[in-house]
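Chain naming here is simple, since letters A, B, ... match the order of the sequence lines and numbering starts at 1 in each.
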Amino acid sequence: MPRDFKILEEADLQPLALGAALLGTGGGGNPYIGMLRTRELLRKGAKIEIMPLEALPDDAWVGECGGIGAPVVGVEKVEEGGECHRAMMAVEEAAGVKMSAVISAEIGGANSMEPIIVAGLAGLPVVDGDGMGRAFPEVQMTTFFIYGAKPSPAAIADDKGNVVVFRDMVDMFWLERFARDVSVGMGAGAGFAVAPMRGDFIRKTAVPGTVTQAISIGNTVLSARAKHQNVVERIVEETGAKLFFTGKITDIERNLVGGFSRGTAKISGVGDWAGSEAEIAIQNENLVLWVDGEAVIMVPDLIMNLELETGEPITTEMLRYGQRVAVIGLPVHDLMKTPRALEIVGPAAFGYPDLTFKPL
Amino acid sequence: MIRIGIDVGGTNTDAVVMNGNDVIAGVKSATTPDVMTGVVNALKDVLAESKMDASAIDVVMIGTTHFTNAVVQRRDLAQTAAVRLGLPATASLPPMVDWPEDLKKAIGNHTWLAHGGNEFDGRVISPLNEEELLGIAGEIQSRGINTIAITSVFSPVSNEFEKRAGEIFAKAIPGAHITLSSEIGRIGLLERENAAIMNACLRDLSAHVIEAFRNAIAETGIRGRFFLTQNDGTLMDAAFAEQFPVLTFASGPTNSMRGAAFLSGVHDAIVVDIGGTTSDVGSLQKGFPRQATVAVEVGGVRTNFRMPDVFSIGLGGGSLVIDGPDGIKVGPTSVGYRIKSEALIFGGSTLTTTDVTVAAGNADLGDKGKVGHLDKDLLDRTQAKILAMLEDCVERSRLSPDPLPVIVVGGGSILVNGPIGGLQVIKPNHFGVANAVGAAIAQVSGEIDRVYALAEIGREQALNDAKARAIDAAVAAGALRESIEIVDVEDVPLAYLPGNATRVRVKAVGELHVAGAKNAA
């Protein structure tokens, strides 16, 4: 295996956190705490390699892991640190394999950092890719599960040393349900690892290059700010995204449905969009953008809300009346747009059966 | 009620005397290096101007940047022990992990992790271990530290562990200054812990500063009670302020916005506070500044205080005006407090915004003859630039397309002489001392921030419980119960959690109840 992979450096962490927050499309939690944890690991001497997808041997075992619970719990009950690693070791033991690399379930938000931390603790490389290319709220919504990854054995571990192994799961929906319940029992913040996946499978199903993509987006934002450039414009140029709306939030409505915060944000246009009205449906992430009544972006394509002046990504929990925002859209990776994927992550799966997915 | 409001800023110390809702007198005097001389001078001046006898003053309210500056300048900070209760959780990030190195060094970087803490729903993470805490107390004592900040996971939900640990330390280290994080901040462990540690390291200083304020007031013969203003525009009595100096952070912008609302009688507006070097622009909603929603940094440290959402630009009465190849440049460099010697109208040699305003005939200040030579084109272009800068930040602070008025206050208000961006401009009487007026009219508040399991008690009942607790907190802080209003209710469902757990934040505000104020100076 060639070993000249990029080494994650401390200088990459702030851009990575910023890029991951952006790719979180309003959800996924804040990567700040995870960034500090990764920084502590690097300062203690951990060496973390970022491994390109194509470098993965066919027979390598890859571990997917991430935090599960409520983001607001994560900012208060900071992790013990080894939760995800313990969950992954329990999976290794139950499956009788040793992992060769670690991969993120979702590059968006807080979970961008968790596999990197596991990689640092386990002395493994982290794969440059993930299972979403963005953030989504539920376990089954990764490309891995969509294209047939096994739902078990999986494991969940808490800060206290409790480890629960899910030995035989009928499907990924059952896994999501049980894992969610156990995570609440563990204080709504726990480490989660799923069944080992083979290198050839990961190469075919992972959204490629997303760790380095997040770092690069973050660097774009930081350099634009440093040079007093228009941050939103620079992001659009660098990522191939498109600006769909700028305006001010005029109304936020939130309801709690089935454990998820769902609602809508209304935006009144400014600048080129003066006189227009937009609306964003939010669950934990931004789901659909309507401009003057027409649905112009919808899941699984990425809808990103940025603070107009600074380009700072705004999470759905942080949306407030009066914020000035730019809404940009980025096409999701093709793996997320097949008919099979759309069954799991298309508009209907998020409660919009009347919307037919129109890709960007 | 006769009251004096004082705002101790970096350049000026402003003071006003108010009788009920009337401003009797307002003065500006220079802030002195020792601060107290400036405060005594301001008190004497304002009493003289008001022709009031010192004995007639019921209350003195002070807004000060003293404690913010101590942190920013890393001076007068005590060696502080940071103790966190939460093991085995939180072990991945020690206290002060995100502090600038020099500040960490200034207070010694003494940190301990211990067992304790709660889950979001109140369950215990691990029981408190008294022996472990006694061991830590021994180490703190052996390092000669007398100041302790205690933070427990989810203490805004349950603060019993913090209280118990505080008792243990108080007994083991008699006379120690102890700060509990639950008394200061809200949910967000690192930010709340940071605030608690900053508060703790200011406790030695606060004892001296409060004593000095007390002496300055006594020296002028005033026998009234004495309060400090907090970052949310409400008051704390002197004894409370001594314990919680960190709550004075950012009280300056809040006071000027509250003062602007009071003086103009307009409660929904954009406020532009123009000083010597900068202008602070913020949005006023129902008479209170809109709060920032993101973490606010003080001296390089992230906190989650209730800070006003204020946007600053480098434009003030002392800003330099330079006519260069790219056109007119105004600020951010400023002559600051040296305006009295460096501006052209005062016989200096630096062209400032104030000179341009006087030359254009929009203010009568200094020696107009010294700016007679400035050509009209330069004056026009400079004034257009100033207006464009103000328009830009007013536009950024607007919350709706409604044509809200703009209230302009502060010593640099003379720079504004007409509408900004088509919006009506109000320059109230006493605009130069609006911040001192804001201090004088400050009210008393109580706030709570809790997570409720709505599956158990229902939303209505949870909100009522939260409101009742907030009102009780306001009364405990010195508010007159009958005058209390609930000014802010926010309930945010905790995403990804079944059981409808909801975080509820309620703030109650009332008029100061002088007779009932506890521990007054």
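To the nearest 0.5 Å, atoms CD (A:Gln323) and CG (B:Asp309) are separated by 9.0 Å.
Side-chain atoms of B:Ser92 do not come within 3.5 Å of backbone N or O of A:Arg37 as any donor-acceptor pair.
Counting heavy-atom neighbours within 6.0 Å of A:Glu40 CD, excluding the residue itself, gives a total above 12. Other residues, nucleotides and ligands contribute more than 12 heavy atoms inside 6.0 Å of the CD atom of B:Glu391. Summarising the local packing, CZ of B:Arg459 is surrounded by 12 or fewer heavy atoms from other residues, nucleotides or ligands at distances under 6.0 Å. More than 12 heavy atoms of other residues, nucleotides or ligands shown are found within 6.0 angstrom of CD on A:Glu10.
Annotation: side chain of A:Val75 is not in contact with side chain of B:Leu189 (no heavy-atom distance under 4.5 Å). Side-chain contact between A:Lys77 and B:Phe120: absent, with no pair of heavy atoms (C-beta onward) separated by less than 4.5 Å. Side-chain atoms of B:Leu87 and A:Asp159, non-hydrogen and from C-beta on, never get closer than 4.5 Å to each other.
Only the backbone of B:Ser152 comes within contact range of chain A, judged by heavy atoms closer than 4.5 Å. Of the two parts of B:Ser155, only the backbone, made up of N, CA, C and O, holds a non-hydrogen atom closer than 4.5 Å to a non-hydrogen atom of chain A. Contacts of B:Leu113 with chain A are absent, with no heavy-atom separation under 4.5 Å from either backbone or side chain. When heavy atoms are compared at a cutoff of 4.5 Å, A:Glu312 does not approach chain B at all. In this structure, chain B has heavy atoms under 4.5 Å from both the backbone and the side chain of A:Ile33.
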- Would B:Arg84 and A:Glu76 count as a salt bridge (charged side-chain N to carboxylate O under 4.0 Å, His left out) if you check the C-alpha gap in whole Å, the side-chain angles of each, and the deciding distance to 0.1 Å? CA-CA 12 Å; B:Arg84 186 197 295 160; A:Glu76 176 66 30; over 6 Å; no
Notebook entry, point to check: side chain to side chain contact (heavy atoms under 4.5 Å, CB included) between A:Glu79 and B:Thr90: does it pass, once the steps are laid out?
Noted result: CA-CA 5 Å; A:Glu79 287 88 338; B:Thr90 81; over 6 Å; no
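Between B:Glu119 and A:Lys160, the shortest heavy-atom contact is OE2-NZ, 2.6 Å.
Annotation: maximal heavy-atom pairing with chain A below 4.5 Å, among B:Ala89, B:Ala91, B:Pro94, occurs at B:Ala89.
Residue pairs meeting the salt bridge (charged side-chain N to carboxylate O under 4.0 Å, His left out) criterion with at least one member in residues 264-280 of chain A: none, sequence neighbours excluded.
Scanning residues 97-105 of chain B against chain A with a 4.5 Å heavy-atom cutoff picks out B:Val97, B:Asp98, ordered by number.
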